[in-house]
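Some notes on the structure that comes next.
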Amino acid sequence: MKKILVVGGAGYIGSHMVKMLLRQGHHVVTLDNLSTGHRDAVLGGEFIEGDIADRELLDELFNQHRFDGVMHFASFIQVGESVREPAMYYRNNVANTITLLDEMVKANIGHFIFSSTAAIFGEPVGIPIDEQHPRQPINPYGRSKWMIEQVLEDFQRAYGLRSVSLRYFNAAGADPEGELGERHEPETHLIPLVLQAASGRRPDITVFGRDYDTPDGTCIRDYIHIVDLCQAHLLALKYLWDGAPSAQFNLGNGEGFSVQQVIDTARKVTGRNITVVDGPRRDGDPARLVADSHQARQVLGWQPEYASLDTIIEHAWQWEQKSLS
Ligand code: UDP
């Protein structure tokens, strides 16, 4: 049993992570400022409401607990918002993360798992995208994550802080047991929005562009089940505990699905009518983002369990129905 700090553990990915860590018998402390997270999504362990910008709080926390690892999910994630409010993104995603890392170094905590993103790659020069693909982010959100990846390299060199950066493609789905799911406000992600159109919570779903260079003209993404994503985090921690050096891994299923395919699958899974409206392209959307995750499979031994889009949507649908009741 280890002691893990989960920063941002009240959010979508963090809350699933907390549940999985508790299941594995670990001692979990969640730190979350509840700016976007939900207290009731933290299903156990210790909960502290607070911010990683608060040095005194971190100091106290690290004096009180001897953590074997820190997982960091407390970032802003909306591309469009990052273009409008770059200061907010650089402050939270970069400056506050450096405060956290700084305090970890002071407390001699040597293992860090970082939520990175496919957005660090920008417009892909080739598909699938492996770890060596050029990092040329095209918006402040992607840049904020790429900056921290570089900070982490320097922190390993200078202070011996070892880390794994996990570059998520499209995190989707929900806890198969129905206890947790996606609760972003406002919701911007495709799968929950499509399911809200299926349940009647929204009148329709807008497809952002049908003129992309893809077989059906809509954008292709690599959707990865939240449980598989969390499994990769557990494996990444073990990898660091075994003494391995810092690393970066791309996490996706390696199979792309178009927006239209997601809508068709949601119609099949839910048996509901889903009204589709065609809209213009959304700024900054690459036509295709598909991961090459061979590294994670080979080095971490990662094996996605819920790779099928049907299953991802079934679990998200279970959650949508529960949220309505
Ligand atoms: N999308 C869409 N309508 C929506 C939301 C998203 O057509 O209401 C498209 C979006 O343009 C992208 C894909 O769905 O091609 C996935 O978008 P999402 O925001 O879920 O994730 P992203 O790929 O931006 O991380």
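Indexing begins at 1, ligand by ligand and atom by atom, following the structure's order.
When each atom of ligand 1 is checked for a heavy atom of Cys219 under 4.0 Å away, the hits are 15 (O). Close contacts of ligand 1 with Thr188, meaning ligand atoms under 4.0 Å from a residue heavy atom, involve 5 (C), 19 (O). Per-residue contacts place Ile205 under 4.0 angstrom from the following atoms of ligand 1 (heavy atoms of the residue considered): 8 (O). Below 4.0 Å from some heavy atom of Val207 lie the following atoms of ligand 1, by number and element: 7 (O).
The shortest contact between atom 25 (O) of ligand 1 and any protein heavy atom is with Asn170 ND2, 3.5 Å. For atom 9 (C) of ligand 1, the closest non-hydrogen atom of the protein is Val259 CG2, 3.7 Å. Ranking the protein heavy atoms by distance from atom 17 (O) of ligand 1 puts Arg282 NH2, 3.5 Å first. Summary of contacts: the protein heavy atom closest to atom 4 (C) of ligand 1 is Phe208 CE1, 3.3 Å. Arg221 NE, 2.8 Å is the protein heavy atom nearest to atom 23 (O) of ligand 1. Of the protein's heavy atoms, Thr206 O, 2.7 Å lies nearest to atom 3 (N) of ligand 1. Summary of contacts: the protein heavy atom closest to atom 20 (O) of ligand 1 is Leu190 N, 2.8 Å.
Checked for salt-bridge contact, Glu81 and Arg84 miss the test: no charged N lies under 4.0 Å from a carboxylate O. Using a cutoff of 4.0 Å between basic side-chain nitrogens and carboxylate oxygens, Asp40 and Arg183 are scored as salt-bridged. Between Lys19 and Glu177 a salt bridge is recorded (basic side-chain N to carboxylate O distance below 4.0 Å).
Side-chain contact, Ser308 with Asp310: no donor N or O sits under 3.5 Å from an acceptor N or O. For the residue pair Thr97 and His72, a side-chain donor N or O sits within less than 3.5 Å of a side-chain acceptor on the partner. When only modelled atom types and interatomic distance are considered, Asp154 and Gln150 share no side-chain donor-acceptor pair under 3.5 Å.
Residues Pro140 and Val83 form a side-chain contact, since some pair of their non-hydrogen atoms from C-beta on lies under 4.5 Å apart.
Close N/O approach between Leu193 and ligand 1 is not found [any backbone or side-chain N/O within under 3.5 Å]. Checked by distance only, ligand 1 and His189 stay at 3.5 Å or farther apart across all their nitrogen or oxygen atoms. The N/O atoms of Tyr223, backbone and side chain alike, include none that comes under 3.5 Å of an N/O atom in ligand 1.
The one candidate from Glu60, Lys3, His27 that meets the side-chain hydrogen bond (donor to acceptor under 3.5 Å, both in side chains) condition with His65 is Lys3.
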- Message: Pair Leu101, Tyr159 - check side chain to side chain contact (heavy atoms under 4.5 Å, CB included), show working.
- Response: CA-CA 10 Å; Leu101 294 171; Tyr159 312 123; over 6 Å; no

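Among Leu289, Val262, Asp285, the residue whose heavy atom sits closest to atom 11 (O) of ligand 1 is Asp285.
Centroid-to-centroid, the aromatic rings of Phe73 and His233 come within less than 6.0 Å.
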